[in-house]
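Report on the structure given below.
Below, chain A is the first sequence line, B the second, and so on; all start at residue 1. For the numbers below, each heavy atom of this structure counts, side chains included, while hydrogens, waters and symmetry mates do not.
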Amino acid sequence: MENPEVAMVFEEIADLLEILGENPFRVRAYRNAARTVRELPEPVEEIVRNPNRKLEDLPGIGKDLAEKIRIIVQTGDHPMRQELREKVPPGLRELLDVPGLGPKRAWALYEKLGVKSIEDLKKAAQEHRIQRLRGFGAKTERAILEALEHLEQVQRRVYLAEAKVFAESVVRHLREVPELHQIEVAGSYRRRKETVGDLDVLVTCDRSAPVMDRLAQYPALADVLARGDTKMSIRLKNGMQLDLRVVPDESYGAALQYFTGSQAHNIQIRRMAQEKGLKVNEYGVFRGDKRIAGKTEEEVYAAVGLPWIPPELREARGEIEWALQGRLPKLVELHDIRGDLHMHTTATDGRASIEEMILACKEMGYQYMAITDHSKRVTVAGGLDAKALRAHWAEIDRIAGRIPGITVLKGVEMDILEDGSMDLPDDVVAEADWVVASVHYGQNQPREQITRRILNAIKNPYVHCIGHPTGRLIGKRKPYEVDLDAVLKAAADYGCFLEVNAQPSRLDLDDVALLAARERGVLIAIGTDAHSIDELRFMEFGVYQARRGALEAKHIINTRPLKELLKLLRQRRSSRA
DNA sequence: GCCGTTTTCGGCCCGACTGTTTTCAGTCG
């Protein structure tokens, strides 16, 4: 039983309890439990099995939820879910996905009109049956119909890289307003989550009207959803929602802290403030009516007794404890990166030549780089066999030889074949400076099989690093069924590195896995997997993901100077020789 | 349902906006 499966049981229970009008705090307890389990850096099963561990030690898990976790792990489900399902029609849950519909209205629609699905909802709205209900009206009915039209778009989260395009363009657009003082895009974008659902734009200025008028002129705007004195919401043409908040300058830090979230992090901060007799809201930190902080984020954190916490860590995963103990990590930064260790050229499926890639990496200021074209199994990419690969390496040496100022490592992305063997003989890869091993075929193999394959690669002394270790494509393809815990354990034991693949659609290992890797002392390589010169720029997204995993420069091998890196690579091989 | 350097009961983050309301509930983040 995987952690996300356990979490999904609790998420469903929370939704169903909420629809039934249960105590909101009880609902929240289930939501918290779902989140705790989902983000656990190890299988919850492990804790259940280990007699020396207690589920009750996990935050937000008490006696009752611990017992429920045990039952779910052992039976794959919990009777409570089944009981709730009998009370709530199966389609009712999906109504919660409609913006503007929450548990109360969903239940009212079911009770009064028998609405049990999105289909029913649409029909009821079209037949104008909704506006006759108490608490609803003509406007609400129209809003529901409107929301249904955009439902698929609304549910879609975009890659961080795509969000960045709009975040930067809307900031440029709004900066034209002379009255505007400060502007920042907060929310999950500022926390650098791998996907972003909407953009939270925070602005300080004396009057909000000119900024809001200007936003109404934003070229990518589709329509205005709401507009008040301090808050305005619009929908963009790509389906994303954008929320603008306007606060006075003296509240900028408090508002930035608040709108950056995460919600769970903010709840912890506010609870700490309460214990000190303080109140935190988006306008400042207050003792009674007196504002004691709010101009900067540093002030806000200081008021509750904490150092400033980097946004990437604000997920209520222990960062507040770290801050209290003075153990906040000094997160890796983009300028710490000295080289890119994963890229392709026209020798296989890349679109730029060896020379173009070298010049581009030099332009980025790198001290070194590795060219890692595919091995022969990846036929669609024109993967190289032993002979072609040796010729390719000779070509790399020849071209690199006349470009001073950057060291080019001769590498390969070698396939881990379906049967667990490697796509190239040992004597060939022994000649490479840098070997990434990746799974591209047989991704749907059962857990034991695909785990064994990757463990084989980790144990192979010529393999330095496992590329995109779970193979997921965000929102498109699930990760392999691989036992990630076993992979981390083996990587630590054998001194094999694991990749953060910086492609915006991969970003794999993800943040949760990276926290676990950090715990186990596994070193990470960030590679862009660039198939063109432009994609070398993806390095920043890999760095963001590493930061979300609380990684420091020392955890990442391509922050090391060349000499140290080469020493690490030698160690990896000699340790197995 | 969880949690406790005042507590084992009574709290649980906080405010904006909308629509349907004559004073507030629902939703959202």
Side-chain angles (χ1 to χ4, degrees), chain A residues 10 13-14 17-19 21-36 55-69 80 95-109 130-144 146-147 154 186-191 196-202 208 212 224-234 241-247 251 254-255 257-286 300 304 316:
Chain A
F10 285 144
I13 288 175
L17 286 174
E18 197 171 30
I19 291 171
E22 258 288 349
N23 175 357
F25 298 105
R26 188 175 175 221
V27 172
R28 192 157 88 190
Y30 281 97
R31 293 242 153 85
N32 287 340
R35 210 184 70 96
T36 298
L55 288 165
E56 285 88 340
D57 291 338
L58 298 173
I61 305 295
K63 227 176 137 206
D64 182 274
L65 285 169
E67 184 54 26
K68 288 200 168 86
I69 291 174
M80 182 178 178
L95 296 189
L96 302 181
D97 294 334
V98 180
L101 279 193
K104 293 285 193 299
R105 285 175 169 170
W107 185 250
L109 287 166
I130 292 177
Q131 57 174 290
R132 293 201 295 271
L133 291 182
R134 181 174 184 78
F136 294 78
K139 272 197 154 171
T140 304
E141 189 176 81
R142 254 201 317 281
I144 288 172
E146 172 84 358
V154 164
S188 53
Y189 175 76
R190 184 161 178 250
R191 300 201 310 281
V196 175
D198 50 29
L199 292 174
D200 297 294
V201 183
L202 175 67
S208 64
M212 290 187 177
V224 176
L225 302 172
R227 178 171 171 170
D229 289 337
T230 68
K231 183 179 168 184
M232 175 169 171
S233 293
I234 64 169
Q241 186 171 323
L242 184 151
D243 297 323
L244 174 75
R245 289 295 300 253
V246 184
V247 299
S251 297
Q257 195 283 326
Y258 173 56
F259 293 114
T260 298
S262 65
Q263 198 179 19
H265 173 89
N266 285 356
I267 287 173
Q268 289 194 359
I269 295 291
R270 289 172 179 211
R271 199 173 289 148
M272 286 180 68
Q274 276 186 330
E275 284 164 13
K276 293 181 189 295
L278 303 173
K279 187 176 75 169
V280 178
N281 60 28
E282 56 263 58
Y283 298 108
V285 181
F286 296 86
V300 173
V304 295

Task: Protein-nucleotide distance (A/F25, atom CZ; B/dC3, atom C1'), rounded to Å - done: 13 Å
- [ ] Classify the glycosidic conformation of B/dT7 as syn or anti, calling it syn when the angle lies within 90° of 0.
- [x] syn
- [ ] Classify the nucleic acid contact of A/V280 as base, sugar-phosphate or nothing, counting any heavy atom under 4.0 Å across all strands shown.
- [x] sugar-phosphate
Task: Protein-nucleotide distance (A/M272, atom CE; B/dT5, atom C1'), rounded to Å - done: 14 Å
Open item on the list: Rounded to whole Å, how long is the line connecting atom CD of A/Q268 with atom P of B/dC2?
Closed with: 17 Å
Open item on the list: Could you tell me how far B/dG15 sits from B/dC9 if I compare only their P atoms? Round to whole Å.
Closed with: 30 Å
Open item on the list: I need the OH-C1' distance between A/Y283 and B/dG15, as an integer number of Å.
Closed with: 7 Å
Open item on the list: Between B/dT23 and B/dG29, how far apart are the two C1' atoms, rounded to whole Å?
Closed with: 24 Å
- [ ] Give the rounded distance in Å between these two atoms: CG of A/L278 and P of B/dC13.
- [x] 16 Å
Open item on the list: Take a 6.0 Å sphere around CG of A/D97 and say whether it holds more than 12 heavy atoms from other residues, nucleotides or ligands.
Closed with: yes
Open item on the list: Say we look at B/dT6 and B/dC17: how far apart would their C1' atoms be, to the nearest angstrom?
Closed with: 39 Å
- [ ] Can you tell me, in whole Å, how much space there is between the P of B/dT5 and that of B/dG1?
- [x] 23 Å
- [ ] Examine distances only and state if a side-chain atom of A/E141 and a backbone atom of A/Q131 form a donor-acceptor pair shorter than 3.5 Å.
- [x] yes
Task: pair A/R190-A/F259: side-chain heavy atoms closer than 4.5 Å - done: no
Open item on the list: The side chain of A/D64 is closest to which nucleotide in this list: B/dC2, B/dT18, B/dC14?
Closed with: B/dC2
Open item on the list: Please check this pair: side chain of A/D200 against backbone of A/A186, looking for a donor-acceptor N/O pair closer than 3.5 Å.
Closed with: no
Open item on the list: Could you tell me the Watson-Crick or G-U partner of B/dT8, where both distances fall under 3.5 Å? Say none if there is no partner.
Closed with: none
Task: Base-contact (B) and sugar-phosphate-only (S) positions in nucleotides 19-29 of chain B, heavy-atom cut-off under 4.0 Å, - elsewhere - done: SSS----SSSB
Open item on the list: Between C1' on B/dG11 and CZ on A/R271, what's the gap in Å once rounded to a whole number?
Closed with: 11 Å
Open item on the list: Without decimals, in angstroms, what is the distance between A/R245 CZ and B/dA16 C1'?
Closed with: 6 Å
Task: B/dG26 and B/dT20, which share atom name C1', separated by this distance in whole Å - done: 11 Å
Open item on the list: Side chain of A/Y30, heavy atoms from C-beta onward: which of B/dA16, B/dG1, B/dC13 has the nearest atom to it?
Closed with: B/dG1
Task: Euclidean distance for P, B/dT7 against B/dT18 (whole angstrom) - done: 45 Å
TODO: For nucleotides B/dC13 and B/dC2, find the distance between their P atoms and express it as a whole number of Å.
DONE: 16 Å
Task: Closest-nucleotide ordering on DNA chain B, the 5'-leading residue of A/K68 and A/N266 - done: A/K68
Task: Side-chain heavy-atom pair A/Q268, A/H265 within 4.5 angstrom cut-off - done: no
Task: Identified side-chain hydrogen bond (donor to acceptor under 3.5 Å, both in side chains) counterpart of A/Y30 within the set A/R35, A/K68, A/E18 - done: A/K68
Open item on the list: Give me the atom names and distance for the closest heavy-atom approach of A/A264 to A/A316.
Closed with: CB-CB, 3.7 Å
Open item on the list: Taking the C1' atom in each of B/dC3 and B/dT8, what is the distance between them to the nearest angstrom?
Closed with: 9 Å
TODO: Could you please name the option among B/dT18, B/dG15, B/dC12 that lies closest to any side-chain atom of A/A226?
DONE: B/dT18
- [ ] Would you kindly give the CZ-to-C1' distance between A/R26 and B/dC3, to the nearest whole Å?
- [x] 17 Å
Open item on the list: Give me the atom names and distance for the closest heavy-atom approach of A/G197 to A/S188.
Closed with: N-OG, 4.3 Å
